[in-house]
Undergrad: 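Attaching a single structure in structure tokens format; questions to follow.
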Amino acid sequence: MAVTASSKSSESEPEVRTTAGVLRGGREAGLAVFRGIPFAEPPVGALRFAAPRPVRGWDGVRPAVAYGPPPPQAGVLGGSQDAAGDDWLTLNVWTPEPGPAAALPVMVWIPGGGYAMGDSSLPEYDARHLAVSGTVVVTLNYRLGIEGFALIGGAPANRGLLDQVAALRWVRDNIRGFGGDPDRVTVFGESAGGGSVAALLAMPLAAGLFHRAVAQSVPGTFFSPELAADIAAACAAELGVEPTVSGLSAVAPARLPAAGDAIHAKMAQWRERWGQITHRPIPFAPVVDGDVLPATPWQALADGAARDIALLAGHTRDEHRLFSLIDGVLGQVTPEQTDTALRMLAPGPDGARRYREAFPAASDEELYELVNSDWLFRMPSLHLAEAQIAGGGRAHLYELTWPAPGWGGALGACHGLDVPLVFGNLSSGRPATLIGAPPSSEAEELSARMRGAWTAFAAHGDPGWPAYDTGRRLAQIFDTPSTVTAYPEDASRLLWQDHDFPALPLLAR
């Protein structure tokens with residue numbers, strides 16, 4: 001790849017030499033910022049549905065001032081439909097001090113979006129507020145939906161996760177030139193990004209590529225190969241092709257997300273086959289294939305796979321309330337909907353009864369929110385910390401309980417509220433609407449506290465509160481004011497204590 005050299009670099013145009021060639025970024029608010037850096041070849045043509053390949057080198061100086069195009073993705077929640085270009089596998093770097101002498105801690109962000117949406121160019125992921133503390137921050141794109149996670153014949157499983165590994169290898173090989181310490185790399189992510197972090201902790205291919213991990217709102221949905229293959233077959237049938245590399249390669253990348261959206265919209269018709277994931281429609285997730293991902297994160301961590309990696313894990317209190325708003329049931333949950341949710345999601349054969357006994361004063365709507373939140377995010381996140389401890393590692397636990405003032409205060413401490421608080425983007429990006437305008441002094445203070453905890457953890461492995469253990473069960477409660485106390489969701493913890501979050505099976509063939 002040849003890139004025409006531009007004018008001589010100036011103080012406002014920092015340059016860094018990478019293994020593939022020289023990059024020229026820009027300066028913003030005292031930081032050097034590089035955008036749209038390719039970490040792998042575009043996964044199209046002969047490379048479609050393949051493991052990522054190292055990017056080819058270039059001559060001259062390559063501008064790195066614009067984000068790369070987003071990967072093809074679902075449109076069900078307004079995901080980016082910009083299909084300008086196929087260089088999806090790019091990353092972005094914010095650094096206070098380019099150059100190998102700086103040796104600053106590195107934080108690598110993996111966006112969420114249900115493994116079907118995600119775009120590092122979104123304004124909520126602008127990393128300047130994190131980087132000004134003395135941290136090099138990397139954000140990245142990875143393949144999504146059918147391209148990244150469908151289990152199809154002739155292709156490696158979990159291609160989206162393999163993309164993340166390729167990005168981490170790029171960080172290992174190149175971040176020193178940007179001022180980062182390749183021996184102090186922290187991966188962090190929320191929702192599907194948190195699930196990706198959990199998966200990376202369990203993946204042999206990722207071993208040694210990062211040293212600390214922050215898993216925010218980890219989904220409990222990991223698929224068995226049988227379930228994943230059945231969903232892939234349904235997606236391919238929607239397109240009139242076979243669920244193979246040759247069949248799906250005949251379909252343009254931009255067309256695939258529509259097939260995923262169509263399956264998402266009618267998942268209830270497969271309830272007897274696909275089970276729980278049809279309740280909160282989830283057509284894509286990491287696959288426990290025995291190779292790329294040998295075991296679920298909970299099993300792998302309990303077996304000691306990540307005992308040398310410090311873990312920070314947690315969730316918000318009202319995880320599901322945002323989805324209830326999206327579904328149009330917030331404030332309108334019926335007893336029948338509650339009964340269905342308890343029957344499908346509560347653990348064990350008598351889980352519904354045990355939920356009602358554990359929360360005797362809860363309304364139907366409160367029970368609906370509790371069981372959905374516990375199944376999807378709260379208990380998987382808690383169990384990840386507990387599995388890490390069982391495997392001989394260290395984990396810090398948190399819960400965000402600050403009630404968001406946006407949307408009339410109806411959403412509480414809902415899913416995604418941690419994103420603007422951690423990044424400090426309180427007035428830009430869609431999640432900032434949860435904060436309210438203008439941001440209050442409370443929001444500013446809480447954001448500074450969370451950013452400080454995340455960056456301290458990246459720098460030293462200590463976020464500022466004691467490690468979690470199964471005796472005191474101490475957790476950081478992020479609120480105004482914040483406190484350290486015993487994990488507050490103990491009733492839910494006891495209901496789920498014997499559940500192991502296995503790979504979800506195909507219920508009928």
Undergrad: Indicate the atoms forming the closest heavy-atom contact of Ala213 with Leu201, along with that distance.
TA: CB-CD2, 4.0 Å
Undergrad: Using a 4.5 Å cut-off on heavy atoms from C-beta on, say whether the side chain of Ile152 contacts that of Phe49.
TA: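 Phe49 vs Ile152: side chains touch.
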Undergrad: For the side chain of Glu41 and the backbone of Arg53, is there at least one donor-acceptor N/O pair under 3.5 Å apart?
TA: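 No, Glu41 side chain to Arg53 backbone: no donor-acceptor pair under 3.5 Å.
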Undergrad: Let me see the working for Val187 and Leu168 under side chain to side chain contact (heavy atoms under 4.5 Å, CB included), right down to the final yes or no.
TA: CA-CA 9 Å; Val187 292; Leu168 288 168; 3.6 Å; yes
Undergrad: Indicate yes or no for a side-chain donor-acceptor contact from Thr316 to the backbone of Ala413 under 3.5 Å, with no hydrogens or angles considered.
TA: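 The answer is yes, because a donor-acceptor pair under 3.5 Å joins these two groups.
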Undergrad: Can the ring centres of Tyr368 and His320 be said to be less than 6.0 Å apart?
TA: yes
Undergrad: Heavy-atom distance under 4.5 Å between the side chains of Ser324 and Glu369, does that happen here?
TA: yes
Undergrad: Is there a side-chain contact between Asn141 and Leu91 in this structure, where contact means two heavy atoms from C-beta onward sitting under 4.5 Å apart?
TA: no
Undergrad: State, yes or no, whether a side-chain contact exists between Glu319 and Cys414 at a heavy-atom distance under 4.5 Å.
TA: no
Undergrad: What distance separates His315 NE2 from Gln216 CD, expressed to the nearest 0.5 Å?
TA: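 Answer for the NE2-CD pair, His315 versus Gln216, is 12.5 Å.
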Undergrad: At their closest point, which heavy atom of Leu400 faces which heavy atom of Met450, and how far apart are they?
TA: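 Reported closest heavy-atom pair: CD1-SD, 4.2 Å.
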Undergrad: Do Arg48 and Pro253 come close enough that some side-chain heavy atom pair is under 4.5 Å?
TA: yes
Undergrad: For Ser363 and Glu366, what are the C-alpha separation, side-chain angles and deciding distance, and is it a side chain to side chain contact (heavy atoms under 4.5 Å, CB included)?
TA: CA-CA 5 Å; Ser363 67; Glu366 288 167 340; 3.3 Å; yes
Undergrad: If you define the side chain from C-beta out and look only at heavy atoms, does anything of Thr186 sit under 4.5 Å from Val106?
TA: no
Undergrad: Any side-chain to backbone donor/acceptor pair from Gln276 onto Met344? Under 3.5 Å, distance only.
TA: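 Yes; at least one donor-acceptor contact below 3.5 Å.
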Undergrad: Whether the Thr340 and His279 side chains hold a donor-acceptor pair (N or O, under 3.5 Å, no angle test) is what I'd like checked.
TA: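 No, because no side-chain N or O of Thr340 sits under 3.5 Å from a partner of the opposite role on His279.
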Undergrad: On a heavy-atom basis, which atom in Asp86 and which in Pro69 lie closest, and how many Å separate them?
TA: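 Here Asp86 and Pro69 meet closest at N-CG, 4.4 Å.
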Undergrad: Keeping Arg317 on the side-chain end and Pro403 on the backbone end, is there a donor-acceptor pair under 3.5 Å?
TA: no
Undergrad: Could you tell me whether the side chain of Ser191 and the main chain of Gly193 form a donor-acceptor pair under 3.5 Å?
TA: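 It does not hold such a pair.
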Undergrad: Quick one: pull up CD1 in Ile110 and CG in Leu200 and give me the separation to the nearest 0.5 Å.
TA: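 Rounded to the nearest 0.5 Å, the CD1-CG separation comes out at 5.0 Å.
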Undergrad: How about CD on Glu242, more than 12 heavy atoms from neighbouring residues, nucleotides or ligands closer than 6.0 Å, or not?
TA: no
Undergrad: Considering all heavy atoms of both residues, which atom of Ser447 and which atom of Gly424 are nearest to each other, and what is their separation?
TA: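 Shortest heavy-atom separation between Ser447 and Gly424 comes out as OG-CA, 3.4 Å.
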Undergrad: In Å and rounded to the nearest 0.5 Å, what is the CD to CG distance from Gln73 to Leu144?
TA: 5.5 Å
Undergrad: Could you check whether Arg62 pairs with Asp87 (Lys NZ or Arg NE/NH1/NH2 to Asp/Glu carboxylate O, under 4.0 Å)?
TA: yes
Undergrad: Does any N or O in the side chain of His383 come within less than 3.5 Å of the main-chain N or O of Trp496, such that one atom is a donor and the other an acceptor?
TA: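 Yes; at least one donor-acceptor contact below 3.5 Å.
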Undergrad: With a 4.5 Å cut-off on side-chain heavy atoms, are Phe149 and Val287 touching?
TA: no
Undergrad: Ignoring hydrogens and geometry beyond distance, is a side-chain donor-acceptor pair present between Glu124 and Asn425 at under 3.5 Å?
TA: no
Undergrad: Apply the ring pair (Phe, Tyr, Trp, His ring centres under 6.0 Å) test between Phe222 and each candidate in Tyr115, Phe501, Trp298; give the one that qualifies.
TA: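 For Phe222, the ring pair (Phe, Tyr, Trp, His ring centres under 6.0 Å) check succeeds only for Trp298.
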Undergrad: When you compare the side chain of Arg493 with that of Glu386, does any pair of heavy atoms fall below 4.5 Å?
TA: yes
Undergrad: Would you compute the distance between atom CZ of Phe284 and atom SG of Cys235 and round it to the nearest 0.5 angstrom?
TA: 4.0 Å
Undergrad: Could you state the interatomic distance from CG (Leu89) to CH2 (Trp170), rounded to the nearest 0.5 Å?
TA: 13.5 Å
Undergrad: For Leu162 and Pro156, work out which heavy atoms get closest and say how close.
TA: CD1-CB, 4.1 Å
Undergrad: Mind running ring-ring contact (aromatic ring centres under 6.0 Å, His included) on Trp109 and Tyr125 for me, showing each step along the way?
TA: CA-CA 8 Å; Trp109 173 254; Tyr125 302 145; 5.5 Å; yes
Undergrad: Test your reading of the model: is there a side-chain donor-acceptor pair from Asp289 to the backbone of Leu293, 3.5 Å cut-off?
TA: yes
Undergrad: Does either side chain, that of Ser217 or that of Glu190, offer a donor lying less than 3.5 Å from an acceptor on the other one?
TA: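 Side chains of Ser217 and Glu190: no pair found under 3.5 Å.
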Undergrad: Where do Ala458 and Met107 come nearest, in terms of heavy atoms and distance?
TA: CB-CG, 3.6 Å
Undergrad: Establish, yes or no, whether the cationic atom of Arg273 lies under 6.0 Å from the six-membered ring centre of Trp270 and within 45° of the ring axis.
TA: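 No - Arg273 does not lie over the ring of Trp270 by the 6.0 Å and 45° rule.
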Undergrad: Calculate, to the nearest 0.5 Å, the distance between atoms CZ and CG belonging to Phe359 and Leu367 respectively.
TA: 8.0 Å
Undergrad: Before you tell me yes or no, could you show the steps for Ile435 and Leu417 under side chain to side chain contact (heavy atoms under 4.5 Å, CB included), namely the whole-Å CA-CA distance, both residues' side-chain angles and the distance that decides it to 0.1 Å?
TA: CA-CA 8 Å; Ile435 304 296; Leu417 178 61; 3.8 Å; yes
Undergrad: Quick check: does any side chain N or O of Arg280 sit under 3.5 Å from a backbone N or O of Asn372, one acting as donor and the other as acceptor?
TA: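 Absent.
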Undergrad: Between Ser224 (side chain only) and Ala503 (backbone N and O only), is there a donor and an acceptor less than 3.5 Å apart?
TA: no
Undergrad: Would you please name every residue forming a side-chain hydrogen bond (donor to acceptor under 3.5 Å, both in side chains) with Thr278, sequence neighbours left out?
TA: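 Residues passing side-chain hydrogen bond (donor to acceptor under 3.5 Å, both in side chains) with Thr278: Arg271.
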Undergrad: Please answer whether the main-chain N or O of Pro43 pairs with a side-chain N or O of Arg143 as donor and acceptor at a distance below 3.5 Å.
TA: no
Undergrad: What orientation do Phe423 and Phe188 show, parallel under 30°, tilted 30 to 60°, or perpendicular over 60°?
TA: parallel
Undergrad: I'd like to know if Arg321 pairs up with Glu365 as an ion pair, taking the criterion as any Lys NZ or Arg NE/NH1/NH2 lying under 4.0 Å from an Asp or Glu carboxylate oxygen.
TA: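 Looking at Glu365 together with Arg321, the answer is no, because their closest N to O distance does not fall below 4.0 Å.
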Undergrad: Set out, in order, the CA-CA distance, both residues' side-chain angles and the distance that settles side chain to side chain contact (heavy atoms under 4.5 Å, CB included) for Leu301 and Leu311, then state yes or no.
TA: CA-CA 11 Å; Leu301 266 61; Leu311 173 64; 4.3 Å; yes
